[in-house]
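Mind having a look at this structure? Questions to follow.
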Amino acid sequence: MLLPLLTAAALQGQSRESILKAVTETSRWSPADKPIQYDEKNIETIAGKRAATIRRYGFVGATTQNWKEPEGKVRLTLYEMADASAAYGLFTMERAAAQPGPESVPVGTEGFRTGNRVVFWQSKYLVTLEGLPASAVEFARIIGEHILGRSRKPPISQHLPPENLIQGTDRYIVDEASVGRELGLDPGVLGFDDSVEIATADYRVNEKTAHLVLLMYPTPQVAKKYEDQWAGTSNNEPAFRKRVGPLIALVRGLRDATIAKSILDGVNYESQVTWDQPRPDLSLRQVILTIFTFIGIALLFTLIAGLSFGGLRLFVKARYPNRVFDRPEDMEIIQLKLAQGFTRKELSR
């Protein structure tokens, strides 16, 4: 019983400090200076104008630190987000802003490299490393091995059709500032006040490229309201949009209705119930103390129950001997009678 509890505690309570400590203890990499911590109050120091968007995704904290090993050194920035969806969203924002074009690297759940910078996401963490490519990729793999937890994309991103998808172009958007101009959409009418979530990706069909935009609203009724608004505009033809439940799909960037239909046919929706309430931030120490507290309570209860039963038995036997417990007619005990004298008996012929 303790094994799954301790495993769950490790997944919930893993902190940035514990990750970096594990890297120090199990690899040849070591810190070159003291870490610098960031939270919501001073995130502008490292994020600049992107700070508001990072907060919107679900920023918890960040740590920056220089690391070294005999053959190289890197500068690490470790972002801790509210959950895996938030980390994935921040990763897609970093990838979209990367110049020149990012090169995919097999680190973490998903990663890319551009110049001397390596970025990847895993579980609820986004990791950026700056240094020589070989050193940065090696250190990225080591960090990824010490990050626990599931790496799950947000529900809306899982509705992007995989067929004809251009890898590395998917994005998860939660605010107006992140809506790119290439989509040709007015961010003010997409419904951010109604908690819309957006996923986008590029598709290539018959050598033609199109942008697919998925808008996820809280309820089908809210989605229907925005669908009616799209229907009332002249630049949004029915052949280039589709609604299923709370999901609206738009094809942008081309005028070929046949290609648009082939992309929209892959957009489907099945109702699911997800739990998005943040889990309590419990440390491993707190969970272990709680477990052993309940074990102590169970042992104390067992001790009290045993003493109570034994005391009751002794009291009844003293007050009412041979009436309730150990009555002679109910007792069948084989006795050796070792205290009796020895009687010699011989058989005569």
Side-chain angles (χ1 to χ4, degrees), residues 11-12 14-16 19 37-64 76-98 102 107-112 114 117-129 143-144 147-160 168-181 183 185 187-188 190-201 213-218 246-247 274-281:
L11 296 181
Q12 293 183 4
Q14 189 183 32
S15 62
R16 303 191 301 277
I19 295 174
Q37 307 293 344
Y38 298 89
D39 54 25
E40 290 187 355
K41 297 179 181 179
N42 61 350
I43 184 179
E44 286 84 2
T45 306
I46 58 172
K49 296 181 180 180
R50 302 178 305 157
T53 300
I54 295 177
R55 286 195 188 99
R56 181 74 182 245
Y57 277 118
F59 176 76
V60 174
T63 300
T64 61
L76 163 73
T77 303
L78 179 62
Y79 290 90
E80 181 180 359
M81 308 300 287
D83 52 30
S85 295
Y88 165 75
L90 183 57
F91 171 79
T92 61
M93 184 181 74
E94 293 282 346
R95 185 173 57 189
V107 293
T109 303
E110 194 174 1
F112 70 86
T114 175
R117 188 165 179 259
V118 174
V119 182
F120 75 90
W121 76 282
Q122 185 170 335
S123 184
K124 62 176 182 177
Y125 294 95
L126 176 82
V127 183
T128 67
L129 299 164
I143 294 179
I147 296 179
L148 307 176
R150 297 181 61 185
S151 300
R152 187 171 183 177
K153 295 181 179 181
I156 185 173
S157 296
Q158 298 177 26
H159 292 290
L160 290 169
T169 62
D170 51 304
R171 288 200 62 192
Y172 175 53
I173 300 172
V174 294
D175 68 349
E176 296 183 9
S178 301
V179 179
R181 295 181 179 179
L183 301 179
L185 298 172
L190 297 180
F192 286 101
D193 293 338
D194 285 323
S195 301
V196 67
E197 295 183 19
I198 302 177
T200 69
V213 183
L214 299 183
L215 308 171
M216 178 78 80
Y217 295 93
L247 188 66
T274 59
W275 182 267
D276 60 358
Q277 181 177 351
R279 293 174 294 189
D281 188 13

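Keep in mind that this is a model prediction, so the values were computed, not measured.
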Minimum heavy-atom distance between S123 and L148, given as atom pair plus value:
OG-O, 3.0 Å
In Å and rounded to the nearest 0.5 Å, what is the CZ to OH distance from R171 to Y88?
9.5 Å
Separation between OG of S85 and CD of Q158, rounded to the nearest 0.5 Å:
8.0 Å
Might you point out which heavy atoms bring A51 and I43 nearest each other, and give the distance in Å?
CB-CG2, 3.8 Å
Closest contact, heavy atoms only, T63 versus Q37
OG1-OE1, 2.6 Å
Is R150 salt-bridged to D83, cutoff N-O under 4.0 Å?
no
Out of the candidates L126, V127, T128, T109, only one should pair with F91 under the side chain to side chain contact (heavy atoms under 4.5 Å, CB included) rule; please name it.
L126
Which residues satisfy the salt bridge (charged side-chain N to carboxylate O under 4.0 Å, His left out) test with E44, sequence neighbours excluded?
R55
Determine the minimum heavy-atom distance between L215 and V213, stating which atoms define it.
CD2-CG1, 3.9 Å
Could you give the distance from CD1 (I173) to CZ (R56), rounded to the nearest 0.5 Å?
12.0 Å
Which atoms form the tightest heavy-atom contact between I156 and A199, and what is the distance?
CD1-N, 3.7 Å
Say whether, by atom type as modelled, one donor and one acceptor occur between the side chain of R152 and the main chain of A84 under 3.5 angstrom.
no
Compare all side-chain heavy atoms of Q122 with those of I143 and state whether any distance is below 4.5 angstrom.
no
Mind checking whether K153 and D170 have side chains closer than 4.5 Å, heavy atoms only?
yes
Hey, do the aromatic rings of Y38 and Y79 have their centres closer than 6.0 Å?
no
Can you check whether Y172's main-chain N or O pairs, donor with acceptor, with T92's side chain at less than 3.5 Å?
yes
Considering residues at least two apart in sequence or located in another chain, which fulfil the side-chain contact (heavy atoms from CB on, under 4.5 Å) criterion with T169?
L165, I166, A201, D202
Would you give the length of the straight line joining atom OH of Y57 to atom CZ of R50, rounded to the nearest 0.5 angstrom?
11.0 Å
What heavy-atom pair brings E176 and G188 nearest, and what distance separates the two atoms?
OE2-CA, 4.1 Å
Distance check, rounded to the nearest 0.5 Å: L183 atom CG versus I198 atom CD1?
8.5 Å
Can you find a pair of side-chain heavy atoms, one from F120 and one from E110, that are under 4.5 Å apart?
no
Can you tell me how far CG of D194 sits from OH of Y217, rounded to the nearest 0.5 angstrom?
8.0 Å
